[in-house]
Amino acid sequence: PDKYNIYALDFPGFGQSDTPKNNFYLKDYADTVESFIKKNNLENIIIIGHSFGGSIGIKIAADNPKYLKKLALVDSAGIRKNSKINIKKIIAKILKPIFKLSFLKSTRVKIYQAMGAEDYLATPQLQKTFVNIVAEDLTVLLPKIKVPVLLVWGENDKDTPIEHARVMEREIPNAKLIIFEGAGHFSFLDKEDEFINNLQKFLE
């Protein structure tokens, strides 16, 4: 980690960031990340996205911006195979724990829960935003990603199932899938040491 500058962004409507004034789509969140990168003149970017953050990473990577070098998707959302599933149920599963990540000296990850999906569902503006996001299937974007991609998944992930990881592994040209036995949707917490070791190898 000493080799890298690490940025953990609060997306609009998350953490301490203001709620969007308009209904947001996934592209709007991707544009927010890109604006941050360009405003700060950042280069050689590696995006690490868990769950909803992974969807944003996919959206950005599919455009193959010059600044993006690698992408790590951890139990990532983005595959929508059953349109009949209740939208609120999906949102609650994918977004229930909203986390801030702080990488400390020992490379140990500490997670601080900010709020649950229920708080967002109670806000009409964000209800529409999350319906927009959950309705978008990103499968068609996967073959467009040209950078190296690390897929990390918990074999017991019930929120973004392992078959979604298989789809990403098959459709992304340069993807490597690592499955953590006994881990769930938060595989990076369930298998913290294994996650850090594999991530460090990928970064190098």
**Q** Please name the pair of heavy atoms, one in Ala175 and one in Met168, separated by the smallest distance, quoted to 0.1 Å.
**A**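 Heavy atoms of Ala175 and Met168 come nearest at CB-O, 4.3 Å.
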**Q** When you look at CD of Glu181, are more than 12 heavy atoms from neighbouring residues, nucleotides or ligands closer to it than 6.0 Å?
**A**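 No - once you tally the heavy atoms of other residues, nucleotides and ligands closer than 6.0 Å, there are 12 at most.
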**Q** Are Leu9 and Phe36 close enough that some pair of their side-chain heavy atoms sits under 4.5 Å apart?
**A**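 Answer yes - side chains close enough.
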**Q** Of the non-hydrogen atoms in Asp137 and Gly78, which two are nearest, and what is the gap between them?
**A**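 Closest heavy-atom pair between Asp137 and Gly78: OD1-O, 3.4 Å.
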**Q** Short question: side chain of Glu155, backbone of Gly182 - any donor-acceptor pair under 3.5 Å?
**A**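 Confirmed, Glu155 side chain pairs with Gly182 backbone.
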**Q** Hey, are the side chains of Phe202 and Pro148 touching, using non-hydrogen atoms and a 4.5 Å cut-off?
**A**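 Side chain of Phe202 against side chain of Pro148, heavy atoms only: contact under 4.5 Å found.
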**Q** Hey, does Lys191 have a side-chain heavy atom less than 4.5 Å from the side chain of Ile178?
**A**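 Result no, sub-4.5 Å side-chain heavy-atom pair not found.
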**Q** So Ile196 and Glu192, do their side chains get closer than 4.5 Å, heavy atoms only?
**A**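 In short, these two side chains touch, coming nearer than 4.5 Å.
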**Q** Where the side chain of Asp28 meets the backbone of Tyr25, is there a donor-acceptor pair that is under 3.5 Å apart?
**A**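 At least one qualifying donor-acceptor pair exists.
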**Q** Between Asn64 and Lys144, which heavy-atom pair has the shortest distance, and what is it?
**A**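 Of all heavy-atom pairs spanning Asn64 and Lys144, the closest is ND2-O, 2.6 Å.
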**Q** Run the numbers on Asp31 and Lys27 for side-chain contact (heavy atoms from CB on, under 4.5 Å), then give the verdict.
**A** CA-CA 6 Å; Asp31 288 346; Lys27 184 180 186 304; 2.9 Å; yes
**Q** If you take all heavy atoms of Tyr67 and Leu42, which pair is closest and at what distance?
**A**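 Closest heavy-atom pair between Tyr67 and Leu42: CB-O, 4.1 Å.
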**Q** Without hydrogens or angle criteria, can the side chains of Ser187 and Asp75 be said to hold a donor-acceptor pair below 3.5 Å?
**A**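 On atom types as modelled, these side chains qualify, holding a pair under 3.5 Å.
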**Q** Just to verify, which of Asp157, Asn156, Val74 counts as forming a side-chain contact (heavy atoms from CB on, under 4.5 Å) with His185?
**A**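 Exactly one pass, corresponding to Asp157.
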**Q** Can you tell me how far apart CH2 (Trp153) and CD1 (Ile179) are? Round to the nearest 0.5 Å.
**A**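 It comes to 10.0 Å.
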**Q** Going through the distances and angles, do Glu169 and Arg166 end up as a salt bridge (Lys or Arg N to Asp or Glu O under 4.0 Å)?
**A** CA-CA 5 Å; Glu169 181 186 31; Arg166 298 292 187 192; 3.7 Å; yes
**Q** Under 3.5 Å, side chain of Thr160 to main-chain N/O of Ala77, donor-acceptor pair present?
**A**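 No, the answer is negative, given that no donor and acceptor are paired below the 3.5 Å cut-off.
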**Q** Could you check whether any side-chain heavy atom of Val152 comes within less than 4.5 Å of a side-chain heavy atom of Leu73, counting everything from C-beta outward?
**A**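 They are not in side-chain contact.
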**Q** For residues Val147 and Ile46, determine if any side-chain heavy atom of one lies less than 4.5 Å from a side-chain heavy atom of the other.
**A**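 Side-chain contact under 4.5 Å: no.
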**Q** Using a cut-off of 6.0 Å, state whether more than 12 heavy atoms not belonging to Lys176 lie near its atom NZ.
**A**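 No.
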**Q** Rounded to the nearest 0.5 Å, what's the gap from CG on Leu142 to CD1 on Ile145? Could you check?
**A**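 The distance works out to 5.5 Å.
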**Q** Got a second to check how far Leu199's CG is from Glu204's CD, nearest 0.5 Å?
**A**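 It is 9.5 Å, given to the nearest 0.5 Å.
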**Q** Considering all heavy atoms of both residues, which atom of Lys146 and which atom of Pro173 are nearest to each other, and what is their separation?
**A**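 In this case the closest contact between Lys146 and Pro173 is NZ-CG, 4.4 Å.
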**Q** Below 4.5 Å, heavy atoms only, C-beta onward: do Ser76 and Ile58 meet side chain to side chain?
**A**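 Yes - at least one pair of side-chain heavy atoms lies under 4.5 Å apart.
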**Q** Between Phe24 and Thr32, what is the shortest heavy-atom contact and its length?
**A**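 The pair with the smallest heavy-atom distance is CE2-OG1, 4.1 Å.
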**Q** Out of Val33, Leu68, Ile60, which one pairs with Ile45 under the side-chain contact (heavy atoms from CB on, under 4.5 Å) rule?
**A**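 The side-chain contact (heavy atoms from CB on, under 4.5 Å) with Ile45 is passed solely by Leu68 among Val33, Leu68, Ile60.
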**Q** Take a 6.0 Å sphere around NZ of Lys70 and say whether it holds more than 12 heavy atoms from other residues, nucleotides or ligands.
**A**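 Buried by this count: over 12 neighbours within 6.0 Å.
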**Q** Rounded to the nearest 0.5 Å, how far does CD1 of Ile48 lie from CG of Leu71?
**A**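 These two atoms lie 9.5 Å from each other.
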**Q** For Phe180 and Phe195, take the angle between the two ring planes, folded into 0 to 90°, and tell me which bin it lands in: parallel under 30, tilted 30 to 60, perpendicular over 60.
**A**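 The rings of Phe180 and Phe195 stand perpendicular, inter-plane angle above 60°.
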**Q** Drop me the distance from Asp193's CG to Phe188's CZ, to the nearest 0.5 angstrom.
**A**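 Here the rounded value is 14.0 Å.
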**Q** Would you say that Tyr29 contacts Lys59 through its side chain, given a criterion of any heavy-atom pair below 4.5 Å between the two side chains?
**A**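 Not touching, per the 4.5 Å side-chain cut-off.
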